[in-house]
*Asks:* 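One structure, pasted below without further comment.
Just so it is clear, the values below take in all heavy atoms, side chains as well, and ignore hydrogens, waters and symmetry mates. In this chain, residues are counted from 1 in sequence order. We count ligands from 1, going down the list as the structure has it; atoms in each ligand are counted the same way.
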Amino acid sequence: MTLPVTIHQNYSLIHQNTLGLPSIARYYAEVNTVEELQEALTFAKEKGLVILPLGGGSNVVLGDVLDALVIHINLKGLSVVHRDERQVTVTAMAGENWHEFVLWSIDQEAYGLENLSLIPGCVGAAPIQNIGAYGVEIKDYFVSLDAINISTGDVEQFDNFDCCFGYRDSVFKGEKKDRYIIISVTFALDAVLSPRLGYGQLTDSLSEKHGDSVLTALQISQAVCDIRQQKLPDPKTIGNAGSFFKNPEVDQQTMERLKKEYPDIVAYPVGEKWKLAAGWLIDRAGLRGVQQGSVGTYQKQALVLVNHGGATGSDVIAFSQYVLEKVKNQFGVELEREPRVYR
Ligand code: FAD
Ligand code: EPU
């Protein structure tokens, strides 16, 4: 029998968001089973509370007080559901740590996620923005997810098409925003490793370490971890939410204008458009390593905003607005924030 879920009042989330922002949840529950989750949802319905699902808190900017029921999704479980000579289908519960899931999948001889090693957070949040790194996005291996419809309490399934995945985007940031809680995610991984080495820095680092030898998934995972640890601040040491802005897309005409003025601009073609490196834009605007009060940009990666200690959600938003405006004024390009802001 499951125990009734504990609902806390005025609960501090300072240790549950990687920016380390002080934030009080009016109501808070940690759920370890689907039954507990259903119970928490019933409680919220009775009280007319807004629901805010929280995983690892690595892609949120939290306000001082959240007038909501914050539900920490702590559902655990990993399983191989099918294996043949080509594919291994695996299901992970939403509360599993993403990086541990990646390592587990490699251990199961199920490949494809190694480039996504060391992305902070939980499995349940991964589909929300279709997490990606080093040339891979989860949509490449995603089969389906199960989610509870917050208004009906029913479990519904979404396949890859239903999720409308895009660059740092899904239906859960659009039409179905705030309507579902993801409880599990299923991936079809490769039974035979085929390394995805299109990302220059990763290829260089692997050939430096391993020469021409046949690579293992663990070696790729380790190389990704090494690159990430060199470039990105560890939230345990310095508060951050990874890239604070998406890399913006511009049309051909804008690209030509920018290229004339900034011949060394970093950009990649995406269909008929160009994706600009937002980190380069911020850096070139003279904002790498700057600090205003307790918020700044990271010295080694201008796209990452950091909390030097004592910042609030409003401080982070105000500083990000300053960065947005500087970039807009200098390049005529609008940046869009990546983390979800809750005030
Ligand atoms: P949270 O921050 O807890 O939540 C994020 C959003 O998802 C919130 O709106 C929340 O309500 C919602 N949510 C969470 N769980 C659920 C659920 N079960 N059901 C419904 N909604 C839910 N991202 C990348 O894509 N690529 C990277 O390379 C990358 N690098 C990063 C590096 C660092 C150092 C940091 C701090 C972050 C990085 N991120 C990256 C961003 C972040 O790790 C991902 O977005 C991650 O998926 C967030 O997971 P989380 O569990 O922490 O989500
Ligand atoms: N750059 C600068 N100055 C800077 C930062 C970057 O000139 O201060 C230049 C770099 O030299 C490089 C280019 O910008 O030429 C791109 O930088 P990087 O390779 O570090 O990648 P990114 O585009 O900044 C993206 C993702 C990351 C992901 C990496 C690796 C977005 C918004 N960010 O960063 O995702 O890990 O690529 O694939 O797409 C996240 O989403 O939180 C995140 C960390």
*Asks:* Look at atom 38 (O) of ligand 2 and say which protein heavy atom is nearest, naming residue and atom and giving the distance to 0.1 Å.
*Replies:* Tyr134 N, 2.8 Å
*Asks:* Using the side chain to side chain contact (heavy atoms under 4.5 Å, CB included) definition, which of the options Leu281, Leu287, Ile282 pairs with Lys326?
*Replies:* Leu287
*Asks:* Taking 4.0 Å as the limit for heavy-atom contacts, which would you say applies to Tyr199 with ligand 2: side chain only, backbone only, both, or neither?
*Replies:* side chain
*Asks:* Looking only at protein heavy atoms, which one is nearest to atom 31 (C) of ligand 2, and how far off is it?
*Replies:* Tyr167 OH, 3.4 Å
*Asks:* Heavy-atom distances under 4.0 Å are what count here, so tell me which part of Gln201 touches ligand 2: side chain, backbone, both or neither.
*Replies:* neither
*Asks:* Name the option, out of Asp283, Leu287, Leu202, Asn247, that contains the heavy atom nearest to atom 23 (O) of ligand 2.
*Replies:* Asn247
*Asks:* List the closest protein heavy-atom neighbour of atom 7 (O) of ligand 2: residue, atom name, distance to the nearest 0.1 Å.
*Replies:* Trp280 CD1, 3.5 Å
*Asks:* Identify which one of Phe165, Phe172, Phe142 satisfies the ring-ring contact (aromatic ring centres under 6.0 Å, His included) criterion when paired with Phe158.
*Replies:* Phe172
*Asks:* By number and element, which atoms of ligand 1 are closer than 4.0 Å to a non-hydrogen atom of Gly121?
*Replies:* 49 (O), 50 (P), 51 (O), 52 (O)
*Asks:* Going by a strict under-4.0 Å cutoff (protein heavy atoms only), does atom 40 (C) of ligand 2 have a neighbour on the protein?
*Replies:* yes
*Asks:* Can you report which non-hydrogen protein atom sits closest to atom 34 (O) of ligand 2, along with the distance?
*Replies:* Ser243 OG, 4.1 Å
*Asks:* Does the gap between the ring centers of Phe187 and Phe101 come in under 6.0 Å?
*Replies:* yes
*Asks:* Should the proximity of Ala277 to ligand 2, defined as any heavy atom under 4.0 Å, be assigned to the side chain, the backbone, both, or neither?
*Replies:* side chain
*Asks:* Could you tell me which atoms of ligand 2, counted from 1 in the order shown, lie closer than 4.0 angstrom to a heavy atom of Ala302?
*Replies:* 4 (C), 5 (C), 8 (O)
*Asks:* Among the heavy atoms of Tyr298, does any lie under 4.0 Å from an atom of ligand 2?
*Replies:* no
*Asks:* In the protein, which heavy atom is nearest to atom 32 (C) of ligand 1, and how far is it?
*Replies:* Arg228 NH2, 3.3 Å
*Asks:* If you measure every N/O of Asn240 against every N/O of ligand 1, is any gap under 3.5 Å?
*Replies:* no
*Asks:* Is the shortest distance from atom 11 (O) of ligand 2 to a protein heavy atom below 4.0 Å?
*Replies:* no
*Asks:* Within this structure, what is the NZ-CD1 distance for the pair Lys176 and Ile128, rounded to the nearest 0.5 Å?
*Replies:* 13.0 Å
*Asks:* How far does OG1 of Thr312 sit from CG of Leu62, to the nearest 0.5 angstrom?
*Replies:* 11.5 Å
*Asks:* For atom 47 (O) of ligand 1, find the nearest protein heavy atom and state the residue, atom name and distance (0.1 Å precision).
*Replies:* Ile131 CG2, 3.3 Å
*Asks:* I'd like to know if Arg228 contacts ligand 2, where contact means a heavy-atom distance under 4.0 Å to any ligand atom.
*Replies:* yes
*Asks:* What is the closest protein heavy atom to atom 18 (P) of ligand 2, and at what distance does it sit?
*Replies:* Lys231 NZ, 3.6 Å
*Asks:* Is ligand 2 under 4.0 Å from a heavy atom in the side chain of Gln301, in the backbone, in both, or in neither?
*Replies:* both
*Asks:* Determine whether Leu113 and Trp98 make a side-chain contact, defined as any pair of heavy atoms from C-beta on separated by less than 4.5 Å.
*Replies:* yes
*Asks:* May I ask whether Arg168 has any heavy atom positioned less than 4.0 angstrom from an atom of ligand 1?
*Replies:* yes
*Asks:* For ligand 2, which atoms, with element, lie under 4.0 Å from some heavy atom of Arg288?
*Replies:* 8 (O)
*Asks:* Polar contacts were defined as any N/O atom of the residue lying under 3.5 Å from an N/O atom of the ligand; does this apply to Ala94 and ligand 1?
*Replies:* no
*Asks:* Answer yes or no: does an N/O atom from Asn130 fall short of 3.5 Å to an N/O atom of ligand 1?
*Replies:* no
*Asks:* Which protein non-hydrogen atom lies closest to atom 18 (N) of ligand 1, naming both residue and atom, and how far is it?
*Replies:* Ile182 O, 3.0 Å
*Asks:* Hey, looking at atom 27 (C) of ligand 1, which of Gly124, Gly242, Gly132, Ala241 has the closest heavy atom?
*Replies:* Gly132
*Asks:* Going by an N to O cut-off under 4.0 Å, is there a salt bridge joining Glu334 and Lys328?
*Replies:* yes
*Asks:* I'd like the name of whichever of Gly57, Pro53, Ser117 reaches closest to atom 1 (P) of ligand 1 through any heavy atom.
*Replies:* Gly57
*Asks:* With heavy-atom distances below 4.5 Å as the criterion, would you say the side chains of Pro195 and Glu114 are in contact?
*Replies:* no
*Asks:* Please state which protein non-hydrogen atom is closest to atom 39 (N) of ligand 1 and give its distance, to 0.1 Å?
*Replies:* Ile119 CG2, 4.2 Å
*Asks:* Distance to 0.1 Å, residue and atom name: give those for the protein heavy atom nearest to atom 15 (O) of ligand 2.
*Replies:* Val266 CG1, 3.7 Å
*Asks:* May I ask you to list the atoms of ligand 2 that are less than 4.0 angstrom from any heavy atom of Gly242?
*Replies:* 42 (O)
*Asks:* Nearest protein heavy-atom contact for atom 46 (C) of ligand 1: which residue, which atom, what distance?
*Replies:* Pro120 O, 3.5 Å
*Asks:* Could you tell me whether the side chain of Gln129 and the main chain of Ile131 form a donor-acceptor pair under 3.5 Å?
*Replies:* no
*Asks:* Side-chain donor-acceptor pair under 3.5 Å between Lys231 and Gln201, yes or no?
*Replies:* yes
*Asks:* If you count the atoms of ligand 2 from 1 in the order shown, which ones are under 4.0 Å from a heavy atom of Ala133?
*Replies:* 36 (O), 38 (O)
*Asks:* Give the residue and atom name of whichever protein heavy atom lies nearest to atom 28 (C) of ligand 2, and the separation in Å to one decimal.
*Replies:* Arg168 NH2, 4.0 Å
*Asks:* Among protein heavy atoms, which sits nearest to atom 23 (N) of ligand 1, and what does the distance come to when rounded to 0.1 Å?
*Replies:* Gln129 NE2, 3.2 Å
*Asks:* Give the atom numbers and elements of ligand 1 that come within less than 4.0 Å of a heavy atom of Ala133.
*Replies:* 28 (O)
*Asks:* If the cut-off is 4.0 Å to any non-hydrogen atom of Tyr180, which atoms of ligand 1 fall inside it?
*Replies:* 20 (C)
*Asks:* Say whether Tyr342 and ligand 1 are in contact under the criterion: heavy-atom distance to a ligand atom below 4.0 Å.
*Replies:* yes
*Asks:* Got Tyr180 and Val171 here, is their nearest side-chain heavy-atom distance under 4.5 Å?
*Replies:* no
*Asks:* Using a 4.0 Å cut-off to any heavy atom of Pro233, which atoms of ligand 1 qualify?
*Replies:* 34 (C)
*Asks:* Using distance alone, determine whether Leu232 and ligand 1 share an N or O pair under 3.5 Å.
*Replies:* no
*Asks:* Could you grab the distance from atom CG of Asp146 to atom CD of Gln157, nearest 0.5 Å is fine?
*Replies:* 5.0 Å
*Asks:* Step by step, work out the side-chain hydrogen bond (donor to acceptor under 3.5 Å, both in side chains) result for Asn10 and Arg26.
*Replies:* CA-CA 5 Å; Asn10 299 323; Arg26 282 274 181 251; 3.2 Å; yes
*Asks:* In ligand 1, which numbered atoms sit nearer than 4.0 Å to a non-hydrogen atom of Arg340?
*Replies:* 9 (O)
*Asks:* Could you list the atoms of ligand 2 found under 4.0 angstrom from a heavy atom of Phe245?
*Replies:* 32 (C)
*Asks:* Would you mind listing which atoms of ligand 2 come within a distance below 4.0 Å of any non-hydrogen atom of Leu303?
*Replies:* 24 (O)
*Asks:* Quick one: OH on Tyr27 to CG on Leu52, what's the gap to the nearest 0.5 Å?
*Replies:* 15.5 Å
*Asks:* Among Asn17, Val60, Asp178, which one has a heavy atom closest to atom 4 (O) of ligand 1?
*Replies:* Val60
*Asks:* Can you tell me which residue and heavy atom of the protein come closest to atom 49 (O) of ligand 1, and the distance to 0.1 Å?
*Replies:* Ala125 CB, 3.3 Å
*Asks:* Please write down residue, atom name and distance for the protein heavy atom closest to atom 48 (C) of ligand 1.
*Replies:* Ser58 OG, 3.3 Å
